[in-house]
Asks: 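Right, I'll just put the structure down here and ask away after.
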Amino acid sequence: MTAAISVENVKMRRPQTVATDKMKIRDAVDADLTALIEIYNAAVATRIATAQLEPVTMEDRRNWLSEHSPNRHPFWVMECDGAVAGWLTFKEFVPRCAYCGTAEISVYVGEEFRRRGVARRLLEEAIARAPSLGVNAMVGLIFAHNEPSLKLFERLGFERWGLLPRVARLDDVERDLAIMGRHI
């Protein structure tokens with residue numbers, strides 16, 4: 001179920017909420033930063049989900065939320081029983097006008113919430129709300145050795161649009177980057 005975005009919410013930048021069982025999706029707020037960074041840094045350590053090699057700090061991510069906007073490139077969190085379980089962002093794909101309808105999406109889930117449908121629900125919400133954000137194509141950049149993420153994206157209608165062989169070096173191991181895409 002998708003909540004409609006009201007003009008008041010966009011203007012006042014209040015978090016918007018979508019309820020799904022005991023989970024809800026809402027816009028990220030400054031109070032979430034510690035949890036967002038913890039989730040991201042746990043992913044950094046795995047060498048599966050991000051090309052970031054060192055943990056990030058609060059100082060590194062001070063402007064993270066201000067780089068997003070609820071009505072164009074949102075930054076959402078999934079709350080489970082009041083805790084931040086995961087997050088999803090829409091980002092500008094390439095800074096050229098012809099690509100304005102394409103967004104890069106990223107999704108991360110806290111270790112204790114994996115395999116509970118958090119990433120799936122966030123991605124389903126992104127797919128459902130993409131048209132209202134002016135997005136007609138979504139791209140996910142996923143390491144080719146990240147089989148769980150590749151399978152999830154495929155189950156949600158994404159296709160492999162490309163492969164960049166050995167473009168990342170993680171701990172002296174060259175890794176391929178899969179480009180997963182979906183038209184909306």
Asks: Verify the cluster assignment for Met58 and Val77: are they in a single hydrophobic cluster under the rule of side-chain heavy atoms below 4.5 Å apart?
Replies: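 Yes: a chain of side-chain contacts under 4.5 Å links Met58 to Val77.
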Asks: Does NZ or CZ of Arg61 fall inside the cone over Tyr40's six-membered ring, less than 6.0 Å from its centre and within 45° of the axis?
Replies: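 Yes.
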Asks: Strictly distance-based, threshold 3.5 Å: is any side-chain N or O of Asn63 a donor or acceptor partner for the main-chain N or O of Ser66?
Replies: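 No, Asn63 side chain to Ser66 backbone: no donor-acceptor pair under 3.5 Å.
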Asks: Assigning hydrophobic clusters by single linkage (Ile, Leu, Val, Met, Phe, Trp, Tyr; side-chain heavy-atom cutoff under 4.5 Å), is Ile179 placed with Val135?
Replies: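 Per the 4.5 Å side-chain linkage, Ile179 and Val135 are not co-clustered.
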Asks: What are the two closest heavy atoms between Pro74 and Asp27, and how far apart are they?
Replies: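 Closest approach of Pro74 to Asp27: CB-OD1, 4.5 Å.
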Asks: Hey, what do you get for CE (Met78) to CD1 (Ile39), rounding to the nearest 0.5 Å?
Replies: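 Answer rounded to 0.5 Å: 11.5 Å.
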Asks: For residues Val44 and Phe143: do they belong to one hydrophobic cluster (side chain heavy atoms under 4.5 Å, members Ile, Leu, Val, Met, Phe, Trp, Tyr)?
Replies: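 Different clusters: Val44 never reaches Phe143 through Ile, Leu, Val, Met, Phe, Trp or Tyr contacts under 4.5 Å.
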Asks: Report all side-chain donor-acceptor pairs from residues 30-37 shorter than 3.5 Å, counting only partners two or more places apart or in another chain.
Replies:
{"residue": "Asp32", "atom": "OD1", "partner": "Arg26", "partner atom": "NH2", "Å": "2.8"}
{"residue": "Asp32", "atom": "OD2", "partner": "Arg26", "partner atom": "NH1", "Å": "2.7"}
{"residue": "Asp32", "atom": "OD2", "partner": "Arg26", "partner atom": "NH2", "Å": "3.3"}
{"residue": "Asp32", "atom": "OD2", "partner": "Val29", "partner atom": "N", "Å": "2.9"}

Asks: For Asn146, is there any backbone N or O sitting under 3.5 Å from a side-chain donor or acceptor partner on Ser149?
Replies: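 No, the answer is negative, given that no donor and acceptor are paired below the 3.5 Å cut-off.
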Asks: Scan the side chains in residues 94-113 for donor-acceptor partners under 3.5 Å anywhere in the protein, sequence neighbours excluded, and list what turns up.
Replies:
{"residue": "Ser106", "atom": "OG", "partner": "Lys91", "partner atom": "NZ", "Å": "3.0"}
{"residue": "Tyr108", "atom": "OH", "partner": "Ala49", "partner atom": "O", "Å": "3.1"}

Asks: Strictly below 4.0 Å, N to O, side chains only: are Arg121 and Glu125 in salt-bridge contact?
Replies: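 Between Glu125 and Arg121 there is no salt bridge, as every charged N stays at least 4.0 Å from the carboxylate O atoms.
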Asks: Would you call the rings of Trp64 and Trp87 parallel, tilted or perpendicular, taking 30° and 60° as the class edges?
Replies: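 The rings of Trp64 and Trp87 stand perpendicular, inter-plane angle above 60°.
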Asks: Tell me every residue that passes side-chain hydrogen bond (donor to acceptor under 3.5 Å, both in side chains) with Arg62, counting only those two or more places apart in sequence or in another chain.
Replies: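 Applying side-chain hydrogen bond (donor to acceptor under 3.5 Å, both in side chains) to Arg62 gives Glu59.
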Asks: Which atom pairs, donor and acceptor, lie under 3.5 Å between side-chain atoms of residues 150-164 and protein residues at least two apart or in another chain?
Replies:
none

Asks: For a quick test of reading the model, state the closest non-hydrogen atom pair linking Pro131 to Ala128 and the distance between them.
Replies: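 In terms of heavy atoms, the two residues are closest at CD-O, 3.6 Å.
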Asks: Taking only residues two or more places apart in sequence, or in another chain, which ones meet Glu147 in a salt bridge (Lys or Arg N to Asp or Glu O under 4.0 Å)?
Replies: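 Testing Glu147 for salt bridge (Lys or Arg N to Asp or Glu O under 4.0 Å), a comparison that skips the adjacent residues, returns none.
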Asks: Is the side chain of His68 donor-acceptor paired with the backbone N or O of Phe90 at a distance under 3.5 Å, no angle test?
Replies: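 Yes: the side chain of His68 pairs with the backbone of Phe90.
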Asks: At what distance, to the nearest 0.5 angstrom, does CD1 of Ile142 lie from CE of Met180?
Replies: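 Answer rounded to 0.5 Å: 5.5 Å.
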Asks: Any chance you could measure Ile127, atom CD1, to Met138, atom CE, to the nearest 0.5 Å?
Replies: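 The distance works out to 5.5 Å.
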Asks: List the atom of Ala85, the atom of Val118, and the distance in Å for their closest heavy-atom pair.
Replies: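 For Ala85 versus Val118, the nearest heavy atoms are CB-CG2, 4.1 Å.
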Asks: Indicate yes or no: at least one non-hydrogen side-chain atom of Met23 is less than 4.5 angstrom from one of Glu79.
Replies: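 They are not in contact (no side-chain heavy atoms under 4.5 Å apart), so the answer is no.
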Asks: What are the two closest heavy atoms between Arg47 and Leu170, and how far apart are they?
Replies: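 That closest heavy-atom pairing would be O-CD1, 3.4 Å.
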Asks: State whether the side chain of Asn41 and the backbone N or O of Val56 hold a donor-acceptor pair below 3.5 Å, judged by distance alone.
Replies: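 Yes.
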Asks: Check salt bridge (Lys or Arg N to Asp or Glu O under 4.0 Å) between Arg166 and all other residues, then give those that pass, not counting sequence neighbours.
Replies: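 Counting only residues at least two positions away or on another chain, Arg166 forms a salt bridge (Lys or Arg N to Asp or Glu O under 4.0 Å) with Glu174.
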Asks: Quick one: are Arg169 and Arg175 in side-chain contact, heavy atoms under 4.5 Å?
Replies: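 Not in contact.
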Asks: Of the non-hydrogen atoms in Leu133 and Pro70, which two are nearest, and what is the gap between them?
Replies: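 Looking at all heavy atoms of both residues, the shortest contact is CD2-O, 3.5 Å.
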Asks: Taking all heavy atoms of Gly86 and all of Leu122, pick out the closest pair and write down the distance.
Replies: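 Scanning both residues completely, I find the closest heavy atoms to be C-CD1, 4.0 Å.
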